[in-house]
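Worksheet for the structure shown next.
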Amino acid sequence: MIRDARVLQADFVPQEVVHRDPEANQLSNALEPITRDEPAETAFLFGPSGTGKTCLAKFIVERLRREVIDIEHQYVNCWQNYTRFRTIYRILEGIGQTLDVHRQSTPKDELLERLRQYDGPPYVVVLDEVDQLEDMDVLYDLYTLPNISMVLIANREEELFARIDERLSSRLMNTTRIRFDKYGLNELVGILQARVDRGLTADAIGRSQLERIADAAAGDARVAIGILRNAAQRAERDGTDQITSAAITDSIPEARSEVQQRTVETLTPHQQQLYEIITNHGSITPGDLYEMYREQVDDPKTKRTMRNYLTKMCQYNLIVAEGQNRGRTYRPVSVS
DNA sequence: ATTCCACGGGAAAGCATGGACC
DNA sequence: GGTCCATGCTTTCCCGTGGAAT
């Protein structure tokens with residue numbers, strides 16, 4: 001029943017983007033000067049997760065690449081590349097300039113200098129999760145570079161600009177800012193339908209079932225596609241050629257925990273141990289948590305390090321911290 | 001009102017890693 | 001082999017906060 005599994009992957013970029021026409025036009029306009037060999041406006045994409053920011057950015061850049069024969073582009077996820085060095089390194093990677101870059105021979109600004117001297121075709125850089133950068137000055141550095149156009153993606157506008165100093169924010173005044181709202185039910189159904197058409201056999205799933213998925217996803221397209229994928233795999237495993245309502249019901253919690261499970265796997269053993277204690281306990285105070293951790297592990301890390309781990313896990317949406325100071329407890333984020 | 005103390009998180013020093021160079 | 005050196009991760013030190021105990 002699955003004809004093309006790629007279509008059901010979360011990071012798949014479709015041929016046509018549905019329900020994002022105004023946003024697509026704005027982004028196109030921002031990048032349009034490139035077609036005339038002029039520097040593009042910096043574009044900001046804001047909105048909650050699963051609203052198509054990343055997808056649209058990739059889509060537009062790809063389309064631009066087809067229209068203008070000669071542009072370079074690179075996608076950088078700042079969650080994974082959150083240091084100044086890694087960010088710039090990845091950008092250099094996009095133009096194949098890293099071959100002879102060694103850490104030693106790169107005192108501070110050598111990398112940047114190399115980018116500055118870049119003299120090729122227009123270069124579009126998409127910086128995703130840009131609010132995860134530990135040092136926002138990178139943006140300033142990149143902004144001063146000729147020949148490089150930026151598309152910046154973040155969840156919340158206010159939080160991002162709170163971390164940018166005036167030096168930069170004044171320059172970013174006349175940028176294109178595009179907001180993405182959560183998808184409505186019908187929009188999500190449309191997105192799912194498009195994937196179904198390309199990825200599944202005909203009649204594999206009906207409209208009302210797509211609505212159920214869309215409803216459960218609460219405006220988040222990534223979750224919706226995850227549920228669809230899970231249900232399709234389930235049906236395939238069972239050897240049926242239709243996705244049943246029961247399969248969908250079962251897939252809803254599983255798709256959510258799938259995301260979580262994948263995140264947990266990226267944690268170190270120590271972090272996983274902490275996470276396990278928290279999930280087993282439901283809700284626990286930092287003192288007790290450290291006490292249990294210390295007993296269960298040989299060679300335990302410091303309290304301070306545990307705190308680093310905990311903040312990291314909070315950012316990853318694995319756990320939630322409730323209360324301040326004395327009254328603080330940690331609990332797992334519920335999957336329901 | 002004052003002191004106490006668990007907690008959070010910033011800053012900087014310490015340590016391990018890994019590539020480049022001789 | 002040995003040595004630099006920049007990086008990331010951990011630890012040490014420390015201070016601010018705000019509720020609880022005195």
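Per chain, numbering begins at 1; letters A, B, ... match sequence-line order.
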Can you check the A:Q271 CD to C:dT10 C1' distance for me, whole Å?
12 Å
What is the separation between atom CG on A:D299 and atom C1' on C:dC9, rounded to the nearest whole Å?
14 Å
Identify whether any heavy atom of A:Y290 sits under 4.0 Å from a base atom; if not, whether one sits that close to sugar-phosphate; answer base, sugar-phosphate or nothing.
nothing
What about A:R307, does its side chain sit under 3.5 Å from the base of B:dG10 through a donor-acceptor pair?
no
A:N325, nearest nucleotide to its side chain (from C:dG18, B:dC7, C:dT12)
C:dG18
Select one nucleotide: of C:dT12, B:dC7, C:dG19, the one nearest the side-chain heavy atoms of A:R326.
C:dG19
A:R328 vs B:dG8: side-chain N/O to OP1/OP2 distance below 4.0 Å
yes
Could you give the NZ-to-P distance, from A:K303 to C:dC15, as a whole number of Å?
19 Å
Spacing between A:R304 atom CZ and C:dC15 atom P, to the nearest angstrom
15 Å
In whole Å, I'd like the distance from the CE atom of A:M306 to the P atom of C:dT11.
12 Å
Which pairs with one or both residues in residues 216-255 of chain A pass ring pair (Phe, Tyr, Trp, His ring centres under 6.0 Å), sequence neighbours excluded?
none
Atom OH of A:Y89 and atom P of B:dG19 are separated, to the nearest Å, by 11 Å
Is it true that A:F46 and A:F180 have ring centroids separated by less than 6.0 Å?
no
Are OP1 or OP2 of C:dT10 and a side-chain N or O of A:T305 less than 4.0 angstrom apart?
no
Specify the separation, in whole Å, of atom CG of A:N308 and atom P of C:dT11.
10 Å
Provide, to the nearest angstrom, the distance between the NZ atom belonging to A:K301 and the C1' atom belonging to C:dC9.
8 Å
Count the heavy atoms belonging to other residues, nucleotides or ligands that lie under 6.0 Å from CG of A:D203, then report whether that count exceeds 12.
no
So does A:R328 have more than 12 non-hydrogen atoms from other groups sitting under 6.0 Å from CZ?
yes
A:Y309 vs B:dG8: side-chain N/O to OP1/OP2 distance below 4.0 Å:
no
With the threshold set at 4.0 Å, does a side-chain nitrogen-carboxylate oxygen contact exist between A:E211 and A:R207?
yes
